[in-house]
Amino acid sequence: MIDLRLVREETEAVREACRRKRIEVDLDRLLQLDQKSRELKFAYDEKRALQNRNSRDLGKAPAGEKAELLAGLKTLSEEVKALEVEQKEVLVELRKLHLLVPNLMDPAVPRGKDDTENVEIKRWGSPRQFAFAPRDHVDLGLSLGILDIERATRIAGSRTYFLKNEGALLELAVLRFAFDHMIRKGFSPMLVPHLVRTEAMEGTAYLPGGEEQAYRSERDDAWLIGTAEVPVTAYRMGEILEDSELPSLMVGMSPCYRREAGTYGKDTRGLYRIHQFQKVEQVVICRADVEESAAWHQRILQNAEEILQALDQPYRVVNVCDGDLGRSQVQKFDIETWMPSRRAYGETHSASRFHDYQARRLDIRYRDSEGKVRHCHTLNNTVIASPRILIPLLENQQQADGSVVIPAVLRPYLGGLEVIRPR
RNA sequence: GGAGAGAUGGCAGAGUGGUCGAAUGCGCCGCAUUGCUAAUGCGGUGUACCCACUAUUACGGGUACCGAGGGUUCGAAUCCCUCUCUCUCCGCCA
């Protein structure tokens with residue numbers, strides 16, 4: 001969440017962020033509640049101090065005076081309690097609104113209504129020109145015997161799939177390759193809880209707002225994660241880190257569950273939009289320094305690009321526009337990989353930076369070199385998400401005979417397999 | 001799933017209704033002592049918020065926090081309830 005001081009002191013900037021991100025929050029009400037809560041806090045503290053003093057005196061007062069003191073204290077006690085109740089009510093409503101206030105954006109964030117107006121800032125490689133009619137990943141997957149969507153749908157519903165044989169192994173290979181790449185970069189590998197508490201979802205800013213997108217086990221008050229970002233970022237929740245522990249570099253791998261509510265009829269074919277996938281995710285927790293976190297943003301973007309380059313997949317990077325930015329993000333770069341069947345670049349990676357927005361919600365702080373306690377900055381980016389990445393991988397690597405060439409970097413993870421051939 | 005025990009400051013560990021933000025030990029920081037190190041002595045050592053003052057973070061006053069939330073009481077780390085977590089035993093199990 002945003003620093004309330006920003007809302008107080010730079011109200012117009014916050015209002016502007018609401019407008020640009022298309023988020024409606026009653027800032028006036030929020031400011032009013034903020035003011036009210038400080039007044040109540042002051043009144044409460046005063047009264048409470050008096051009560052504490054008098055209560056202490058009562059203990060050592062002579063017996064004759066006790067009755068009188070006690071009577072006064074009883075009414076004081078009532079008043080304190082009333083103030084406490086009022087204060088709590090205000091705080092509850094305040095927090096509710098506070099959680100909805102969007103983060104401010106980097107000046108470099110372009111303006112636009114939705115993802116169609118994201119601004120391309122880089123291209124690597126070029127879409128392959130086929131000398132034959134290329135097939136899409138579903139056809140390829142079926143004929144190679146590595147994918148089964150029809151049976152999955154029968155037993156698990158829409159947007160599900162089986163990966164089989166080399167398909168299953170290919171996914172594991174891609175994940176492990178990505179994981180290893182990040183470990184070489186100094187990130188600590190993490191396998192994480194897939195079911196998390198509301199605090200973790202709220203802390204990473206998926207809640208409130210993302211209720212429809214997440215699976216939930218109501219009777220256990222648990223949510224299935226939509227990304228390892230949630231448990232990995234929340235890992236040090238509530239802690240004060242030492243300056244020497246930063247930056248904290250972590251790479252998590254987990255299955256990801258998404259309900260995809262409201263997307264009926266969209267991307268219905270194949271593996272593009274599905275309820276469950278696996279992802280390797282990089283997370284950085286660094287000092288509260290705008291320059292430093294911006295530099296990390298570039299670094300984690302670069303890390304992901306290295307993966308695609310190693311896999312020889314054409315891609316582009318877009319600077320995500322305000323209308324497509326999330327509530328919590330300062331800036332976001334998406335990487336889109338060329339997908340022949342879509343005749344377009346499709347999103348495969350998403351690199352976000354949050355400043356202290358998540359850290360404030362998760363209450364992750366650090367003691368800086370001067371001993372001052374501050375909230376950290378957090379960032380994250382996809383390293384690889386599968387099976388979506390299998391779409392370009394299969395489609396771009398296909399040959400006229402229907403076989404698919406395995407990129408060289410993955411072969412060691414597949415026992416040296418070079419080509420997947422039709423059965 | 002059943003039975004029991006527990007959760008206190010960076011750590012260990014006292015405290016069972018008032019002067020307890022909390023003994024003591026360790027750790028850490030400062031000072032003193034000291035050829036160096038060690039040892040010793042003295043002092044300090046949580047976080048958040050509010051108020052006052054001021055060059056807005058130094059100093060001062062106050063409030064809250066002893067797993068979380070609620071209750072009893074003039075007053076709760078201490079008593080009661082709920083929840084979470086940890087440990088032990090039994091059962092079950094990948």
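None of the values given here were measured: they were computed from a predicted structure. Chain letters run A, B, ... following the sequence lines, proteins first, then strands; residues in each count from 1. We use all heavy atoms of the structure for the numbers below, so side chains are in, but hydrogens, waters and symmetry mates are not.
When both pairing distances are held under 3.5 Å, G91(B) makes no Watson-Crick or G-U pair with any nucleotide shown. With a cut-off of 3.5 Å on both Watson-Crick or G-U wobble distances, the partner of A52(B) is given as none. Searching all strands for a Watson-Crick or G-U wobble partner of A58(B) with both distances below 3.5 Å returns nothing. Of the nucleotides present, U40(B) is the one that pairs with A32(B) by Watson-Crick or G-U wobble criteria, both distances under 3.5 Å. If you check G18(B) for Watson-Crick or wobble pairing at under 3.5 angstrom, you find it paired to C74(B). Pairing partner, G67(B): C83(B), with both Watson-Crick or wobble hydrogen-bond distances short of 3.5 Å. When Watson-Crick and G-U wobble pairs are counted only if both distances are under 3.5 Å, A12(B) pairs with U24(B).
The C1' atoms of A39(B) and C51(B) are separated by 47 Å, rounded to the nearest whole Å. Taking the P atoms as reference points, G18(B) lies 12 Å from C79(B), given to the whole Å. For the C1' atoms, the distance linking C89(B) with G13(B) amounts to 26 Å, nearest Å. Taking atom C1' in both C90(B) and C28(B), one finds a spacing of 45 Å when rounded to whole Å. Going from the P atom of U63(B) to that of C83(B) covers 34 Å, rounded to whole Å. Going from the C1' atom of C80(B) to that of U24(B) covers 31 Å, rounded to whole Å. A77(B) sits 12 Å from A14(B) when the C1' atoms are compared, rounded to a whole Å. Look at the C1' atom in both U8(B) and A76(B): the space between them is 14 Å, to the nearest Å.
Map Leu73(A) and Leu50(A) each onto its nearest nucleotide of RNA chain B; the residue landing nearer the 5' end is Leu50(A). Nearest-nucleotide mapping onto RNA chain B: of Glu46(A) and Arg365(A), the residue sitting toward the 5' end is Arg365(A).
Here G75(B) presents its P atom at 13 Å from CD of Glu79(A), a figure rounded to the nearest Å. The OH atom of Tyr44(A) sits 11 Å away from the C1' atom of C65(B) (whole-angstrom rounding). With rounding to whole Å, Leu83(A) atom CG is found 15 Å from U63(B) atom P. Between the P atom of U84(B) and the CZ atom of Arg197(A) lies a distance of 8 Å, rounded to the nearest Å. Note: NZ (Lys81(A)) to C1' (U72(B)) measures 8 Å, nearest angstrom. What separates CD of Glu242(A) from P of G10(B) is a distance of 11 Å, to the nearest Å. As rounded to whole Å, 11 Å separates atom P of G69(B) from atom CD of Glu84(A). Spacing between atom CG of Asp220(A) and atom C1' of C85(B) amounts to 16 Å, rounded to whole angstrom units.
Side-chain polar atoms of Thr227(A) and Lys279(A) form a donor-acceptor pair below 3.5 angstrom.
The number of heavy-atom neighbours closer than 6.0 Å to NZ of Lys96(A), taken from other residues, nucleotides and ligands shown, is 12 or below. Heavy-atom contacts from other residues, nucleotides or ligands closer than 6.0 Å to CZ of Arg184(A) number more than 12. Annotation: Arg151(A), atom CZ; neighbour count of heavy atoms from other residues, nucleotides and ligands within 6.0 Å does not exceed 12. Within a 6.0 Å sphere centred on CZ of Arg176(A), other residues, nucleotides and ligands contribute 12 heavy atoms or fewer. The environment of CZ in Phe277(A) is crowded: more than 12 heavy-atom neighbours from other residues, nucleotides or ligands sit within 6.0 Å.
Residue Arg38(A) places at least one side-chain N or O under 4.0 Å from the OP1 or OP2 atom of C50(B). For C74(B), the OP1/OP2 oxygens have a side-chain nitrogen or oxygen of Lys74(A) closer than 4.0 Å. Using a 4.0 Å cut-off, some side-chain N or O of Arg48(A) falls inside it from OP1 or OP2 of A64(B). For the OP1/OP2 pair of U47(B) and a distance below 4.0 Å, the side-chain nitrogens and oxygens of Arg367(A) include at least one atom meeting the criterion. Contact annotation: Arg374(A) does not reach the phosphate of A48(B) (side-chain N/O to OP1 or OP2, under 4.0 Å).
Considering only side-chain atoms of Val373(A), the nucleotide from C74(B), C85(B), U47(B) that sits closest is U47(B). Nearest to the side-chain atoms of Lys372(A) among the listed nucleotides C74(B), U57(B), U19(B) stands U57(B). The listed nucleotides are C74(B), C85(B), U63(B); the one nearest the side chain of Ala49(A) is U63(B).
Among the atoms of the strands shown, only primed sugar atoms or phosphate atoms (P, OP1, OP2) are found under 4.0 Å from some heavy atom of Lys88(A). Backbone-only engagement by Asn52(A) is indicated by non-hydrogen atom pairs under 4.0 Å involving sugar-phosphate atoms exclusively. Among the protein residues, Arg5(A) comes within range of no part of the nucleic acid, since none of its heavy atoms lies under 4.0 Å from any strand. Using a 4.0 Å heavy-atom distance criterion, Gln51(A) is classed as a sugar-phosphate-only contact.
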Begin with the C-alpha distance, continue with both residues' side-chain angles, and end with the deciding distance and a verdict on side chain to side chain donor-acceptor pair (under 3.5 Å) for Gln35(A) and Glu39(A). CA-CA 6 Å; Gln35(A) 180 66 30; Glu39(A) 284 165 13; 3.1 Å; yes
Side chain to side chain donor-acceptor pair (under 3.5 Å) between Tyr44(A) and Glu86(A), intermediate numbers included: CA-CA 10 Å; Tyr44(A) 174 84; Glu86(A) 201 182 344; over 6 Å; no
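Under 3.5 Å, the side chain of Ser77(A) and the base of C74(B) form no donor-acceptor pair of N or O atoms.
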